[in-house]
2 protein chains.
Amino acid sequence: MDTQVRLLDLAEAAMRRHGYGGFSYADIARDAGIRKASIHHHFPAKSDLGLAVLDRYSDRHLTMLADVRITSRLGGQALTRAIEFYRDAMGTGDDLCLLTALANDANALSPAMRDMLARATLATANCFEELLLTGRKDMSISVAGDPAVEATSILALLNGAQLLARAARDITMFDRAIQPIQTRISRR
Amino acid sequence: MDTQVRLLDLAEAAMRRHGYGGFSYADIARDAGIRKASIHHHFPAKSDLGLAVLDRYSDRHLTMLADVRITSRLGGQALTRAIEFYRDAMGTGDDLCLLTALANDANALSPAMRDMLARATLATANCFEELLLTGRKDMSISVAGDPAVEATSILALLNGAQLLARAARDITMFDRAIQPIQTRISRR
DNA sequence: GTCTATAATGAGATAGAC
DNA sequence: GTCTATCTCATTATAGAC
């Protein structure tokens, strides 16, 4: 397989589990079966690797959310599937959504990564807003307040639920935390 | 002032801004005006310093939540004040609640710190549950579902709101994210 | 594109003088 | 309790051979 892609995969996994500052070229090199100097050929600086990982992840993440909306019959189903994505992203409990993981080391990121993180975060919130608008229109999600505010709230809840589950070392904390959203989705 | 206390203060601030892996004895030493070897006299290993910071923070945090409940006339006021604490903890936007910050590097913490983090997180959730029970009894908070679940959800929301605000580089994201909770608190 | 070799820096930690 | 000095190791990064 393409080395570049393999490096991105390994770096993404490492960043989601250990954060941006928590992995080194040595870790990735070991997993990829090459030497760390070889990684510098593909990504001269660590910040280049980090940015490439974030860029690819943002794309996939936003595409996933758009997909989920288009291919779901109702907004509520789309929201359910989006929530499942965040739940699955935790794996056995040690991983986070990349945007969540990077938010924490935000103060240590390069300006380019910080900017991309900010943009991706806002774009994600917008996706959730679209989901809510769809769900409100088709009566599958109860949206009481401003959809933009509700979307931000749901995104924060998903991020916090992942973090809480990791802190408590109990992945079911995620499910408990998001239960109040589930209640607002009509089951049909 | 007591050097030990000063070191705890500086380490706490660093951990909340940069995470556990994101600060070094050299950083703390510079700020404290002593050499890093001197820090080892007070805290032989970094994990000792980290544990001491976490221990002190947990105590203060849980005491604060208990205080807020006791000294508030209504549960809703107590919840409002607890939320304000999380908002104020962000400072100008670069800081997080210590428990939130540590949840992210959980995979890099010593077993003792991991355990304490898990216990403190669960204890915090319990405090919020008590707040909700009080508020439900005095009719100042609308609690629709299981209070234990709602408490977990609110705690996740507060954690996620801090993270989101940092990621988006916009502290008002915190306020937007928590707005749906505010709506459930009766204003009297 | 990958390797060996090597810098350059910073980390956590210890020994022992004052 | 604080210092200087030093150690060991990991980290990011570069140079140059293959």
Side-chain angles (χ1 to χ4, degrees), chain A residues 1-56 101-102 104-114 116, chain B residues 1-56 101-102 104-114 116:
Chain A
M1 207 229 286
D2 187 9
T3 303
Q4 196 132 342
V5 173
R6 204 151 29 103
L7 292 175
L8 287 173
D9 290 342
L10 291 170
E12 179 183 317
M15 285 164 70
R16 288 174 49 189
R17 182 159 303 185
H18 304 291
Y20 178 73
F23 82 99
S24 71
Y25 270 31
D27 301 328
I28 304 299
R30 196 183 325 107
D31 295 345
I34 60 176
R35 300 291 159 161
K36 51 184 182 150
S38 307
I39 304 182
H40 284 284
H41 170 77
H42 300 279
F43 304 99
K46 191 184 178 184
S47 58
D48 297 320
L49 175 56
L51 190 65
V53 168
L54 175 54
D55 189 36
R56 191 184 68 158
L102 288 184
N104 226 293
D105 333 73
N107 293 328
L109 301 180
S110 68
M113 285 188 74
R114 277 194 80 129
M116 190 173 287
Chain B
M1 208 227 288
D2 187 9
T3 302
Q4 195 132 343
V5 173
R6 203 153 26 105
L7 292 175
L8 287 173
D9 290 343
L10 291 170
E12 180 184 315
M15 285 164 70
R16 288 173 49 188
R17 181 160 303 184
H18 304 291
Y20 178 72
F23 82 98
S24 72
Y25 270 32
D27 300 327
I28 304 299
R30 194 183 328 104
D31 294 345
I34 60 175
R35 302 289 159 161
K36 53 180 183 157
S38 308
I39 303 182
H40 284 284
H41 169 76
H42 299 280
F43 304 100
K46 192 184 178 185
S47 57
D48 297 320
L49 174 56
L51 190 63
V53 168
L54 175 54
D55 189 36
R56 190 185 67 160
L102 289 184
N104 226 293
D105 333 73
N107 293 329
L109 301 180
S110 68
M113 283 188 76
R114 279 195 81 130
M116 190 174 286

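Numbered from 1 within each chain, the chains take letters A, B, ... in sequence-line order. In this text the structure is predicted, and so the values were computed from the model without any measurement.
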For C/dT2, take OP1 and OP2 only and decide whether either is under 4.0 Å from a side-chain N or O of A/His41.
-> no
Atom CG in A/Leu8, atom CE in A/Met15: separation rounded to 0.5 Å?
-> 10.0 Å
Salt bridge check: are A/Asp9 and A/Arg56 linked by an N-O gap of less than 4.0 Å?
-> yes
Rounded to the nearest 0.5 Å, the CG atom of A/Leu109 sits from the CG atom of A/Leu54 at a distance of 8.0 Å
Under 4.0 Å protein heavy-atom contact, by nucleotide of nucleotides 3-18 of chain D - B base, S sugar-phosphate only | BB------BBBB----
Please tell me if the side chains of A/Arg17 and A/Phe23 come closer than 4.5 Å, counting only heavy atoms from C-beta onward.
-> no
Just list the side-chain donor-acceptor pairs under 3.5 Å for residues 25-33 of chain B, sequence neighbours left out, or say none.
from, atom 1, to, atom 2, distance (Å)
B/Tyr25, OH, B/Phe43, O, 2.8
B/Tyr25, OH, B/Ala45, O, 3.1
B/Tyr25, OH, B/Lys46, N, 3.4
B/Asp27, OD1, B/Arg30, NH2, 3.1
B/Asp27, OD2, B/Ser24, N, 2.9
B/Asp27, OD2, B/Ser24, OG, 3.3

Atom NE2 of B/His42 and atom P of C/dA13: how far apart are they, to the nearest Å?
-> 16 Å
Please determine if a side-chain N or O atom of A/Thr3 lies less than 4.0 Å away from the OP1 or OP2 oxygen of C/dT2.
-> yes
